[in-house]
2 protein chains.
Amino acid sequence: MSDTKEELMGSAERLFAERGFAGVGIREIARAAGANTAAVNYHFESKENLWLEIMRRRAGPVNAERFRRLGEAKARAGGDPLSLGVITDALIGPVVDVLIDEKGEPDQLSIRLMTRLMVETPMLFREELLEFFAETRDRFAAALAESLPHCNPPEIQARFFYLVSAMTGLVVQAEMLSGANDCLPAKAFREVLLSCVSRTAAAIESPILANVRGQP
Amino acid sequence: MSDTKEELMGSAERLFAERGFAGVGIREIARAAGANTAAVNYHFESKENLWLEIMRRRAGPVNAERFRRLGEAKARAGGDPLSLGVITDALIGPVVDVLIDEKGEPDQLSIRLMTRLMVETPMLFREELLEFFAETRDRFAAALAESLPHCNPPEIQARFFYLVSAMTGLVVQAEMLSGANDCLPAKAFREVLLSCVSRTAAAIESPILANVRGQP
DNA sequence: GTCTATAGTACGATAGAC
DNA sequence: GTCTATCGTACTATAGAC
């Protein structure tokens, strides 16, 4: 990949993270990369495609790590079904790792970029999103079904939905958490996120179907 | 409030829901409302202010219902601390209700609007957001502390963070759930969301601090 | 592979008529 | 309270030189 293309993706990530897809123009992306406006269209064909390339470049390694953890856990388990904790960690753990820098503190760029990617991609590129994550969905739904043999497909789907929604909330609210200096030191950022992963595993253990107030 | 102002807020809600703050121009908002561009600046002073007025109008009743549920539960409990399930329902239940129309099916406009409001407001209007939700934060953090007397402030804060992040994920992913016709009928939409509320209550019951893989 | 130049359109805000 | 008209700026995309 050419230097210019690399630079363009870098400045696009920074700007998209701060202001979202519609909030940034290709002129500004090119200027920040020290390139010309036309270079964006040459390398990416369109602004839409630039967004998708960023999404794939960021989400690809996350999915790879998910599959690595799932495969490793399966190897360790022999033929036994996996625990829900292990499945939850394999799905959400790799995302949490992206939000944390090498010192264990919040990585603001990644937090904001992942937030934008997770919220705006479904609205702008529904088809491409579903295609890109089809394998992840299928493999984790299958793992859940194996670990919950007494659950029918809607129950599996409801639990998978909880996993995805809990992961999404973690990413979106990670920025508020990183900016809250109430009584949480920056060192606790990672601990709190990891505790949320474990809590999510506990949440899908529960066979709950009714709500706490008791309505049907 | 004048008819024109009402119309402008309505069309702004619809357009912001679809394309976000930066994705919509005041010209288009005015056109959709059958008014002139200048009417937006007359009634709201700026596009930013229009967004904030929409946020307050949508979030105000949600907060009111939260306080109502919390107050009702406290009255019912006498002086005893509330269960975590009741606190969770008081905080998240009113948001879930907004996502569902009178037939119990997904309300696409509200789902998308709440998503945009929850994700973009913290990034664009951090100060105003914190001020608007200060009372909610304080009252629910206090209720949690009363119900978890053995927890220190960071532990309370970590649980409160989980509540907020689970709620955020529910809203953001509600759209994907409403569009998934795999094996979930539209009638199940409400059931799944409510089951997520109960699961979240179960999640914050847990005294978990370490993650499932056992690292520090 | 990167540039200049430009086409065609949209942006937010405001001044001033009515 | 709502309009027209307009300022200055920004937008995506493309054609064509180098």
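If you're wondering where the values come from, they're calculated on a predicted model, not measured in any experiment. Chain naming here is simple, since letters A, B, ... match the order of the sequence lines and numbering starts at 1 in each.
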Main-chain N/O of A/V24 paired to A/R19 side chain as donor or acceptor, under 3.5 Å: no
Comparing A/V24 and B/A35 on DNA chain D - which has the more 5′ nearest nucleotide: B/A35
Residue B/R27, side-chain heavy atoms: nucleotide from C/dC3, C/dA10, C/dT14 that is nearest: C/dA10
Aromatic plane relationship, A/F21 with A/F16 - under 30° parallel, 30 to 60° tilted, over 60° perpendicular: parallel
Shortest side-chain distance from A/H43, nucleotide among C/dT2, D/dT12, D/dC3: C/dT2
Listed nucleotide nearest any side-chain atom of A/Y42, set C/dT2, D/dG1, C/dA13: C/dT2
B/N41 side chain near C/dA13 phosphate (N/O to OP1/OP2, under 4.0 Å): yes
Side-chain ion pair, B/R69 and B/D97, N-O less than 4.0 Å: yes
d(CD1, A/I29; P, C/dT2) in whole Å: 16 Å
Closest to side chain of B/A38, choosing from C/dC3, D/dC3, C/dA13: D/dC3
Euclidean distance, atom CZ of residue A/F21 to atom P of D/dT12 [Å, nearest integer]: 8 Å
Whole-Å gap separating P (C/dT14) and CZ (B/F44): 16 Å
Polar contact flag, side-chain donor to acceptor under 3.5 angstrom, A/T4-A/Y42: no
Distance, rounded to the nearest Å, where B/I26 contributes CD1 and D/dA10 contributes P: 16 Å
B/K5 NZ - D/dC3 C1' separation (whole Å): 19 Å
B/S2 vs D/dT2: side-chain N/O to OP1/OP2 distance below 4.0 Å: yes
Separation of C/dC11 P from B/N36 CG (nearest whole Å): 13 Å
For atom CZ of A/R31 and atom P of D/dT12, their distance in whole Å: 11 Å
Distance, rounded to the nearest Å, where A/D3 contributes CG and C/dC3 contributes P: 12 Å
Nearest heavy-atom neighbours spanning A/C196 and A/L170: CB-CD2, 3.4 Å
D/dG1 OP1/OP2 closer than 4.0 Å to side-chain N/O of B/T4: no
